[in-house]
Amino acid sequence: ALISLPRYDKFKEAIGALAKNGFSFREIAGNNSAILLTVLVPSSSNLAIDYTQIVFTQPLPADPTLKRIAFAVPVNNLNKLLLELDRNEVKMEHVFDF
């Protein structure tokens with residue numbers, strides 16, 4: 001099915017709801033390769049997920065107890081990642097909707 005979703009902040013909420021309802025993704029805005037998303041985790045965390053690639057990790061100067069991790073994930077594994085992050089109560093910061 002082809003559906004239209006909101007962009008920017010509301011995109012994260014929309015795809016999270018779709019994943020929780022059993023939907024998966026084949027393409028996002030014409031992109032069928034990989035998509036970037038960032039999460040916030042405790043600075044001591046060594047979060048690594050097999051089917052993703054860590055693009056960068058950076059401390060949060062405003063809160064030294066946290067760090068940001070940017071993951072590249074194949075679009076067809078995005079729903080799997082969203083469910084795993086939710087299950088592990090990892091705070092998703094942003095999903096780049098392109």
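Computed from heavy atoms alone, side chains included, the values below leave out hydrogens, waters and symmetry copies.
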Exercise for the section: Output yes when a side-chain donor or acceptor of T57 lies under 3.5 Å from a complementary backbone atom of I69, and no otherwise. Expected result: no
Practice task
Of all the heavy-atom pairs spanning S43 and P64, show the shortest one and how long it is.
Solution key: OG-O, 2.7 Å
Exercise for the section: Measure the shortest side-chain to side-chain distance between N32 and R26 over non-hydrogen atoms and say whether it is less than 4.5 angstrom. Expected result: no
Exercise for the section: Spell out, yes or no, whether F71 and L66 are grouped together once hydrophobic residues are joined by side-chain heavy atoms under 4.5 Å, including indirect joins. Expected result: no
Handout entry: Heavy-atom pair with the smallest gap, counting every atom of L47 and S45
Key = N-OG, 3.3 Å
Practice task
Give, for atom OG1 of T52 and atom CD of E84, the distance between the pair rounded to the nearest 0.5 Å.
Solution key: 8.5 Å
Practice task
Find the distance between OG1 (T38) and NZ (K91) and round it off to the nearest 0.5 Å.
Solution key: 10.0 Å
Handout entry: Same apolar cluster (I L V M F W Y, side chains within < 4.5 Å links), V73/L83
Key = no
Handout entry: For the student: nearest non-hydrogen atoms of N79 and S24, plus distance
Key = ND2-CB, 3.5 Å
Problem - Euclidean distance, H94 NE2 relative to L37 CG, rounded to 0.5 Å - result: 9.5 Å
Problem - Where A70 and L36 come nearest, the two heavy atoms and their spacing - result: CB-CD1, 4.0 Å
Practice task
Would you mind reporting whether R68 and L40 have side-chain heavy atoms less than 4.5 Å apart?
Solution key: yes
Handout entry: In one Ile/Leu/Val/Met/Phe/Trp/Tyr side-chain cluster, 4.5 Å: M92, V90
Key = yes
Practice task
Decide yes or no on side-chain contact (heavy atoms from CB on, under 4.5 Å) for L85 and I49, but give the supporting numbers first.
Solution key: CA-CA 10 Å; L85 294 174; I49 300 169; 4.2 Å; yes
Exercise for the section: Please check if F23 and L78 belong to a single hydrophobic cluster, counting links between Ile, Leu, Val, Met, Phe, Trp and Tyr side chain heavy atoms closer than 4.5 Å. Expected result: yes
Practice task
Answer yes or no: are there more than 12 heavy-atom neighbours, outside N21 itself, under 6.0 Å from its atom CG?
Solution key: yes
Practice task
Nearest 0.5 Å please: distance from the CG atom of D50 over to the NZ atom of K80.
Solution key: 8.0 Å
Fill in the blank from the handout: Value for CD1 (I28) from CD1 (I35), rounded to nearest 0.5 Å, stands at 3.5 Å
Practice task
Enter the distance from I15:CD1 to L82:CG here, rounded to the nearest 0.5 Å.
Solution key: 4.5 Å
